[in-house]
Amino acid sequence: MTDARSPDPRPSGQGPGRAAAAEGPRLLDQALLDALGEAVVLVDAAGTVRRVNASARELLGDLRPGRPASDSAVAVFRQALGEGRPDFDGDHGGRRLVGRRAALPGGHAAWVVRDVTVERGREDALLEERRRARFLARTSRTLSGVLHLRRAWTLAVRLTADELADGAGITLRREHGPPETAVCRHGEVRFEIGPPRGTGAARVLDSGRLERHDAVGAVMARRLCPPGMTSDNASGGACDDAAEPAASADGTVTVLLVPLTVHGTCLGVLTLLRARPYDDRELDLIRDHADRVALALDAARLHQGRAAAAATLRAELLPAPLPEVPGVRLGAAYRAAAEGSMIGGDFYQVLYSPHQGWLFALGDVCGKGVGAAVYTGQVRQALRTVADFDLPLTECLDVVNRMLLIADDSRFATLMLGRLSALGDGAVRVELASGGHLPPLLLRRHGQVEEVEMSGSIVGALPDAEFEQVARTLDPGDALYLYTDGVTEARDAARRMYGTEGLRRDLAAYAGAPPGATAEHLDRMVMRHLGPNEHDDIAILGVQAWPPGHRLGEDGP
Amino acid sequence: MTAIDATAADAYLDALTHADETAAVAVAVGLLDAGVPVAAILTGLIAPAQRQVGEHWATGRWNVAREHAATHVSDRVVAALALRLPRPDRRRGRVVLACVSGEWHELAARMAGEVLRAEGWTVAFLGASTPAAHLANYLHDLGPDAVGLSCSLPDLLPAAQTMIDAARQASVPVLAGGAGFGPDGRWALALGATGWAADGPGAAARLAAGWPAFAPPPLGPPPRDDGEHVRLAEERDRLAAGTVEALVEGLPAAKEYDERRLACARDDIGRVTDFLAAALLVDDPELFTAFTAWQARVMAVRGVPRPVLTAGCEALAELLGADFPRSGRVLAQGLALLRER
């Protein structure tokens with residue numbers, strides 16, 4: 001470091017004893033030059049060194065006035081002079097030197113040279129640190145949003161192979177069966193069962209302790225790595241002829257087995273394969289990277305278990321696809337208030353039984369979310385049970401009511417139950433019984449809308465509820481629409497309800513249209529009415545006698 | 001292999017005209033049974049018929065209910081075709097297809113889904129108007145290789161942006177689809193999508209051509225903008241109500257309008273602000289001028305005189321004032337176009 005030296009007051013290369021008066025300013029010049037921390041070399045137009053200061057003698061060695069500057073022992077300086085460049089930046093004798101030329105009058109030039117070894121060292125360390133931080137941030141950022149296990153797994157092994165190794169593998173324990181490994185080799189990710197017992201990766205999975213094996217041969221590498229990582233332990237029999245991607249000049253490799261540990265539990269092993277051994281700094285980086293990978297994979301594993309349970313529940317509680325009912329065209333729309341869970345307290349159902357023929361139902365359980373959705377499952381189960389008895393609709397509702405009272409006394413539902421019978425001439429007879437539900441709307445083929453008024457108690461609340469039954473005939477093209485209060489009670493920004501008026505108006509425009517299109521349209525109109533406001537559960541079910549001229553649906557069961 | 005002749009095309013359009021699902025399915029399945037590949041039925045029978053349906057609506061010959069019923073039938077036909085298709089031998093990756101939140105036209109996406117399925121992709125179709133939260137859930141559950149995002153009109157680009165962000169959060173690359181992303185999909189990449197395709201065959205080609213395994217969220221903070229499109233969206237209803245109020249004062253005839261008519265007018269002005277906000281988002285005034293030109297055409301065939309649209313835009317411009325400088329400039333370009341025609 002230049003500031004460690006004290007300035008040297010000696011005039012350089014000049015004999016003493018000249019006239020002091022003439023030498024005064026010159027001595028002063030030299031003292032000034034020597035006081036500088038930078039090395040200074042004065043060169044004349046012919047390339048001859050005229051003066052050097054103290055720092056220059058120390059930094060650039062034996063560079064005497066009167067000799068050509070190109071005699072300098074410093075290669076980078078010589079090179080710059082030879083090429084006529086105005087600056088240089090290079091190593092000399094374990095130090096980093098930076099020089100630049102300043103033009104002086106009369107073709108003279110001053111070369112100013114600084115020792116930047118320490119600064120550069122700090123910069124390099126800083127850059128290295130920043131690179132590491134960026135890589136780790138990238139690992140976290142890329143993986144943190146990925147909750148699908150296989151994808152997170154694939155992504156993690158790819159990131160590892162791209163940045164840290166010639167080949168990488170991530171082994172994870174599985175709930176059932178042997179562990180499985182994602183291997184990234186030649187830029188491709190494949191999944192393999194294993195590692196088998198006795199391999200290094202299996203050992204680290206048990207011990208949870210990092211292992212580092214430098215300069216191992218092909219046989220040993222095979223024994224350490226999970227399957228698929230070296231060219232001769234890939235599954236599928238035929239080995240590819242590609243050379244070992246990681247082999248060094250002497251054919252050996254480094255294998256690093258890093259446990260993936262979260263909350264003290266080793267959930268897997270990260271295997272890295274490379275020709276060069278890893279130094280301690282790289283090892284630190286790999287440990288940090290492995291921590292992030294382990295956290296991300298643990299989160300994904302947890303999510304996968306819950307997602308599978310949620311999907312099963314959802315599949316059970318979402319409305320089933322509508323069946324083909326002879327002589328009847330069906331259509332429905334369904335939307336859960338909780339977009340996340342995708343299930344809610346509204347439901348509809350169309351089912352067939354030899355005793356009852358074709359039944360349809362639409363209902364609304366009090367409350368929202370998963371709790372309400374589970375109760376809809378109980379209502380639908382009760383409906384399936386009553387369908388197996390030859391009972392009038394009002395008595396069906398009575399049985400459903402009693403079953404729900406036994407099942408859960410804190411919840412209740414409104415329910416509309418109906419039966420469809422094709423009359424043979426294209427008309428369809430509809431019987432309806434209401435369990436305290438909103439009155440259905442009858443949409444005639446030519447656009448009139450009629451409300452089907454009826455009374456009835458809610459189900460699941462009172463032991464002696466009473467229900468009423470009515471019947472209507474749908475002529476070809478006529479349709480009946482059942483809906484929940486999520487439709488009529490949708491409020492816009494000014495708190496105005498969509499209401500039965502909105503429903504009647506928008507229905508009228510769809511006279512004779514397929515119920516599927518109509519239900520979709522009503523759903524859209526409700527969403528449009530709501531604007532950005534949150535919506536309740538919504539269910540709409542339409543049944544239509546096929547319009548005249550259409551071929552009737554295929555025969556039912 | 002049979003070609004799709006004019007007889008089949010006419011029969012199909014006739015079935016759509018009567019919203020006759022059974023007849024429409026019979027035409028399409030007949031072609032399939034005669035050996036016409038599904039992609040050819042989708043692009044050679046259903047897509048042209050749907051263009052005709054759209055034209056019937058645009059020229060005012062069909063009302064929206066009829067157009068919707070016909071589209072619904074085509075939708076059912078695509079579903080019926082899907083049921084009859086054999087599983088392809090080639091197994092490619094998994095694609096989740098969704099319509100942008102607010103996008104109710106699902107037929108294009110459904111058709112693209114069937115083309116991709118025929119190409120060997122495993123396709124999960126989430127249906128019309130998928131909320132972004134819903135999409136994120138599916139991505140976590142399914143771990144797809146790509147998200148296909150369908151958008152037919154550019155006023156939904158702010159919603160598309162939210163959904164692309166949701167996909168990128170899960171590191172899934174997005175293939176944007178449809179005319180909503182602009183001519184040649186010019187706005188798709190700006191919103192963070194990895195690629196764009198006009199239709200199903202285009203989507204299949206793009207996914208086969210070097211589709212990246214991952215598209216992680218971009219590093220660093222999002223690029224700064226002035227946020228005017230966000231403010232405009234927030235103020236949408238207030239601006240629409242204020243504009244209609246000013247319009248009613250200026251037009252003697254409008255004093256007789258009932259609440260229903262006024263609500264429609266507010267809706268129309270609301271849509272104008274939606275397109276304005278989208279134009280600001282992608283920083284392209286052409287998005288807005290194309291909308292005004294199209295709007296003028298649709299209103300003309302429905303007997304709405306152009307001065308009403310012009311007056312509406314003028315009243316809105318007045319209201320935007322100095323608070324929304326970029327919006328004002330873009331709106332002025334649209335107005336200039338309306339006046340010169």
Side-chain angles (χ1 to χ4, degrees), chain A residues 134 137-138 141-155 158-159 187 189 300 303-304 307-308 310-311 329 331 335 338-342 492-494 496 505-506 508-514 516-518 520-521 523-524 527-529 531-532 546-547 549-554, chain B residues 15 18-23 26 63-73 75-76 79 94 101-102 104 106 128-145 166-172 213-219 233-234 236-238 241 259-260 263 267 270:
Chain A
R134 202 174 294 154
R138 192 171 145 221
R141 196 174 181 120
T142 310
L143 287 177
S144 64
V146 186
L147 287 178
H148 186 266
L149 182 58
R150 294 243 151 204
R151 218 171 139 74
W153 201 344
T154 308
L155 185 41
R158 209 178 261 275
L159 274 173
V189 177
H303 175 84
Q304 174 167 280
R329 190 150 69 156
R335 185 180 290 276
E339 299 282 16
S341 70
M342 291 179 269
D492 66 9
R496 281 179 297 240
R505 180 193 64 226
D506 290 330
Y510 273 61
T518 311
E520 214 171 74
H521 172 66
D523 176 36
R524 265 183 227 186
M527 296 313 284
R528 213 168 117 178
H529 182 81
W546 278 90
H550 285 235
R551 269 186 284 163
L552 301 182
E554 288 152 45
Chain B
H18 298 101
D20 190 341
E21 180 183 329
T22 321
N63 66 9
V64 70
R66 200 154 173 205
E67 179 252 359
H68 185 188
T71 305
H72 175 78
V73 168
D75 216 71
R76 303 280 297 193
R94 185 188 286 275
S101 175
W104 297 100
E106 61 179 288
S129 185
T130 307
H134 195 140
L135 173 69
N137 273 339
Y138 268 102
L139 297 186
H140 294 323
D141 290 356
L142 298 175
D145 300 285
R168 295 283 300 269
Q169 280 300 321
S171 297
V172 185
F214 297 97
L219 288 171
E234 282 167 0
R236 174 196 199 269
D237 290 345
R238 185 185 68 79
E259 174 51 33
R260 173 92 191 126
D267 257 14

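Just so it is clear, the model here is predicted, and its values are computed rather than measured. In what follows, every chain begins at residue 1, and chains take the letters A, B, ... in the order their sequences are listed.
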K.L.:
Return the minimal non-hydrogen interatomic distance between A:Asp523 and B:Trp104, and the atom names on each side.
P.N.:
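A:Asp523 and B:Trp104 have their closest heavy atoms at OD2-CZ3, 3.9 Å.
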K.L.:
Identify which of B:Ala70, B:Ser129, B:Ala19, B:Gly102 forms the greatest number of heavy-atom pairs closer than 4.5 Å to chain A.
P.N.:
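Looking at each of B:Ala70, B:Ser129, B:Ala19, B:Gly102 in turn, B:Ala19 comes out on top.
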K.L.:
Answer with side chain, backbone, both or neither: which region of A:Glu520 has an atom nearer than 4.5 Å to a non-hydrogen atom of chain B?
P.N.:
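Both backbone and side chain of A:Glu520 come within 4.5 Å of chain B.
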K.L.:
Side chain, backbone, both or neither: which part of B:Glu67 has a non-hydrogen atom closer than 4.5 Å to chain A?
P.N.:
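Neither part, no heavy atoms under 4.5 Å.
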K.L.:
Quick one: what part of A:Arg524 sits under 4.5 Å from any heavy atom of chain B, side chain, backbone, both or neither?
P.N.:
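Contact with chain B: backbone and side chain both.
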K.L.:
I'd like to know which of B:Pro144, B:Gly270, B:Ala15, B:Ala241 tops the heavy-atom pair count under 4.5 Å against chain A.
P.N.:
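Looking at each of B:Pro144, B:Gly270, B:Ala15, B:Ala241 in turn, B:Pro144 comes out on top.
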K.L.:
Measure the spacing between CZ of B:Arg94 and CZ of A:Arg150 and express it to the nearest 0.5 Å.
P.N.:
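Separation between the atoms: 12.0 Å.
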K.L.:
Which heavy atom of A:Arg151 sits nearest a heavy atom of B:Val172, and at what distance?
P.N.:
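Residues A:Arg151 and B:Val172, closest heavy atoms: NH2-CA, 3.7 Å.
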K.L.:
Show your working on side chain to side chain contact (heavy atoms under 4.5 Å, CB included) between B:Phe214 and A:Val146 and close with a plain yes or no.
P.N.:
CA-CA 11 Å; B:Phe214 297 97; A:Val146 186; 5.8 Å; no
K.L.:
Would you mind reporting whether B:Pro216 and A:Arg138 have side-chain heavy atoms less than 4.5 Å apart?
P.N.:
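No, their side chains stay 4.5 Å or more apart.
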K.L.:
Side chain from CB out, backbone as N, CA, C, O: work out which of these in B:Asp267 comes under 4.5 Å of a heavy atom of chain A, or both, or neither.
P.N.:
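The answer is the side chain of B:Asp267.
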K.L.:
Sort out for me which of B:Arg76, B:Arg236, B:His68, B:Gln169 touches chain A most, counting heavy-atom pairs under 4.5 Å.
P.N.:
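Highest number of pairs under 4.5 Å: B:His68.
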K.L.:
Against chain B, label A:Thr154 side chain, backbone, both or neither, depending on which of its atoms sit under 4.5 Å from a heavy atom there.
P.N.:
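Answer is both: backbone and side chain atoms of A:Thr154 are under 4.5 Å from chain B.
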K.L.:
Which atoms of A:His521 come close to chain B, meaning under 4.5 Å heavy atom to heavy atom: side chain ones, backbone ones, both, or neither?
P.N.:
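Both parts, heavy atoms under 4.5 Å.
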K.L.:
Among B:His18, B:Arg66, B:Glu21, B:Arg168, which residue forms the greatest number of heavy-atom pairs with chain A at distances under 4.5 Å?
P.N.:
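Greatest number of close heavy-atom pairs with chain A: B:His18.
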K.L.:
Among A:Gly516, A:Ala300, A:Ala307, which has the most heavy-atom pairs under 4.5 Å with chain B?
P.N.:
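Among A:Gly516, A:Ala300, A:Ala307, the one with the most close pairs to chain B is A:Gly516.
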K.L.:
Using non-hydrogen atoms and a 4.5 Å limit, figure out which bit of B:Glu106 sits close to chain A: side chain, backbone, both or neither.
P.N.:
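Only the side chain of B:Glu106 comes within 4.5 Å of chain A.
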K.L.:
What part of B:Asp237 gets closer than 4.5 Å to chain A, counting heavy atoms only: side chain, backbone, both or neither?
P.N.:
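For B:Asp237, the contact with chain A is made by the side chain alone.
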K.L.:
Look up atom NE2 in A:His148 and atom CG in B:Leu139, then write down how far apart they are to the nearest 0.5 Å.
P.N.:
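That separation rounds to 10.0 Å.
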